[in-house]
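Every number for a ligand or one of its atoms is a count from 1 in the order of the listing. Just so it is clear, the values below take in all heavy atoms, side chains as well, and ignore hydrogens, waters and symmetry mates.
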Amino acid sequence: MLQNKRLVSLFCLVMIIALALSACGGGNNAANNEKNKNDNGAAENTPAPAPPAEGPKYNFRLAETHPADYPTTKGDMKFAELVKEKSDGRITIDVFPSAQLGEEKSAIEQVQLGAIEFTRVSSSPLGEFNKEFGVFSLPYIFDNDEHVWKFLLGDAGMKLLDSLESSRLKGLGYYTSGSRNFYSEKPLKSLEDLKGLKIRVQENQLNIAMIDALGANATPMPYGEVYSALQTGVIDGAENNYPSYFSSKHYEVAKNYILDGHQRVPEVLMMSKTAWDKLSPEDQAIIKEAALESITFQREEWAKYEKLSEEQVRAAGATITEVTDVTPWQEAVKPVIDANRQQYKTILDAIDAAR
Ligand code: BDP
C-alpha cells in the first residue's frame, strides 16, 4: 500500500516537472505562443491548412499620430503590407492611426520599453531621446527637399538612423515631411508680425531657442492639443507643413499662413530595439527592406497630399503669404545655429556637403 502511494507520488512529480518544462520552452515569447496555438489547432481540426511559411509568427503594433488618409500613415500601411508579403503572411503589423496609442513622446517611450513594437514619429520629439536628432530642429539648414534627401539617403543619414540603437530604438527609415511654416489667427505678413506671439512648438529644447530668437514666445505641447489651444486663445499660433495645417484643421482657427520654411524635420519609422533583437537575421532583413522600399511610396503620397492641402486651405479662405527674402529670418536665428554648431559639427558638415 505504502509502496503504491510512493509510486503514485513519484509519477505525479515526474508529470509536474514535464509539464513545467514544456511550459517554459513554449511560453517565452508571443511568436511561440502563436505557434503553439497553431499546432494545437491543427491537431484538433484535421485536415489543417498548410502553414503559409516556415518560421515564427508575429503580430506587431505600430503607433501613428496622423489619421488614416495622411501620407505618413499611408507609408506605415505600405510598410506593413510589404512585411506581410515578404514574410508570406508570418509577420503582420497593425497600424493604429490618430494617436490611439498615445501622443508621440509617449509612443517613443513605449517603443523604448517594447510595449509597442513600432512607431512613426517626427525627428523633433525624437531629439529629446537621442541628441543627434535635434539637428533637424535647427532652422534653415536645408535648401530644399532634394538637399534633405541627398543627406538622408547618404552615409551620414543612414549612420544617424543607426545611432538610435544607443537609445533602445532601431531606426528603419525616413519619411518626408516637407517644410514647416508659421500660422496664426493674427495677421502674419512678415517677421515683425511674429513678435510677441505665443507659438506652439514641438517638444524639443531647440525649438524654444528658435522661437525666442525670432522674438516670439514658445509653448511646447503635444500635437493633439493644438487645435483647442488655438481656439481658446491659449496660444496665438503654431507652425507646421501644409499637410498637417490642413489635416488637423488648424487653418480653421489660424487662417494666416506665412511660408518662411524654417524647418524640414524628417519623419522616422522605427522599431523597439528589444523586439528587433528577438528577430532572426532573416526577419530583420525583411523589416529593413520593407521600410526602405516604403519610402518611395510615402514620398509620392506626400507630393499629392501636399498639393491637395494647399488647394483646400486656400479654398477655405486661408491667407497665404510668400516670403520673398528669407535672409532677415535666417539672420535672426543665427545665434541658435552658432550656439549649437560645435555639438552638431559632424552632422552639419555632412548636411553642408550634401548641398
Ligand atoms: C507633423 C509631424 C507629426 C508631428 C507634428 C507636430 O508629421 O509627427 O507630431 O508635426 O507638430 O508635421 O507635433
**Message:** For ligand 1, which is the ligand I care about here, please tell me if E267 has any N or O atom under 3.5 Å from one of the ligand's N or O atoms.
**Reply:** yes
**Item:** Pairwise side-chain contact, K170 with Q284, heavy-atom cut-off 4.5 Å (strictly under)
**Value:** no
**Request:** Examine R180 against ligand 1 and note whether any of their N/O atoms are separated by less than 3.5 Å.
**Result:** yes
**Asked** Below 3.5 angstrom, do we get any N/O pair linking E239 and ligand 1?
**Response** no
**Asked** Side chain, backbone, both or neither: which part of N240 has a heavy atom under 4.0 Å from ligand 1?
**Response** side chain
**Prompt:** How does S244 reach ligand 1, if at all, at less than 4.0 Å between non-hydrogen atoms: by side chain, backbone, both, or neither?
**Reply:** side chain
**Message:** Consider side chain to side chain contact (heavy atoms under 4.5 Å, CB included). Of P266, S177, S122, which one does F136 pass it with?
**Reply:** P266
**Message:** Any heavy atom of E103 closer to ligand 1 than 4.0 angstrom?
**Reply:** no
**Prompt:** What atoms in ligand 1 come closer than 4.0 Å to a heavy atom of R120?
**Reply:** 7 (O), 8 (O)
**Item:** atom 3 (C) of ligand 1 - nearest protein heavy atom and its distance
**Value:** E104 OE2, 3.3 Å
**Asked** What class does the angle between the rings of W149 and Y174 fall in, given that below 30° is parallel, 30 to 60° is tilted and above 60° is perpendicular?
**Response** perpendicular
**Prompt:** Quick one: does I295's side chain get under 4.5 Å of Q298's, heavy atoms only?
**Reply:** no
**Asked** Relative to the ring of F142, is the ring of F151 parallel (under 30°), tilted (30 to 60°) or perpendicular (over 60°)?
**Response** tilted
**Request:** Could you find the nearest protein heavy atom to atom 13 (O) of ligand 1 and give me its residue, atom name and distance?
**Result:** R200 NH2, 2.9 Å
**Message:** Once you measure the plane-to-plane angle for H250 and Y227, does it fall in the parallel (<30°), tilted (30-60°) or perpendicular (>60°) bin?
**Reply:** tilted
**Prompt:** Minimum heavy-atom separation for V226 to A238, with atom names?
**Reply:** CG1-CB, 4.0 Å
**Asked** In terms of the angle between their ring planes, are Y242 and Y245 parallel, tilted or perpendicular, with boundaries placed at 30° and 60°?
**Response** tilted
**Request:** Check whether any heavy atom of N241 sits under 4.0 Å from an atom of ligand 1.
**Result:** yes
**Message:** Looking only at distances, can you tell me whether any N or O atom of H66, backbone or side chain, sits closer than 3.5 Å to an N or O atom of ligand 1?
**Reply:** yes
**Prompt:** Which of the atoms of ligand 1 are close to S122, meaning less than 4.0 Å from one of its heavy atoms?
**Reply:** 8 (O)
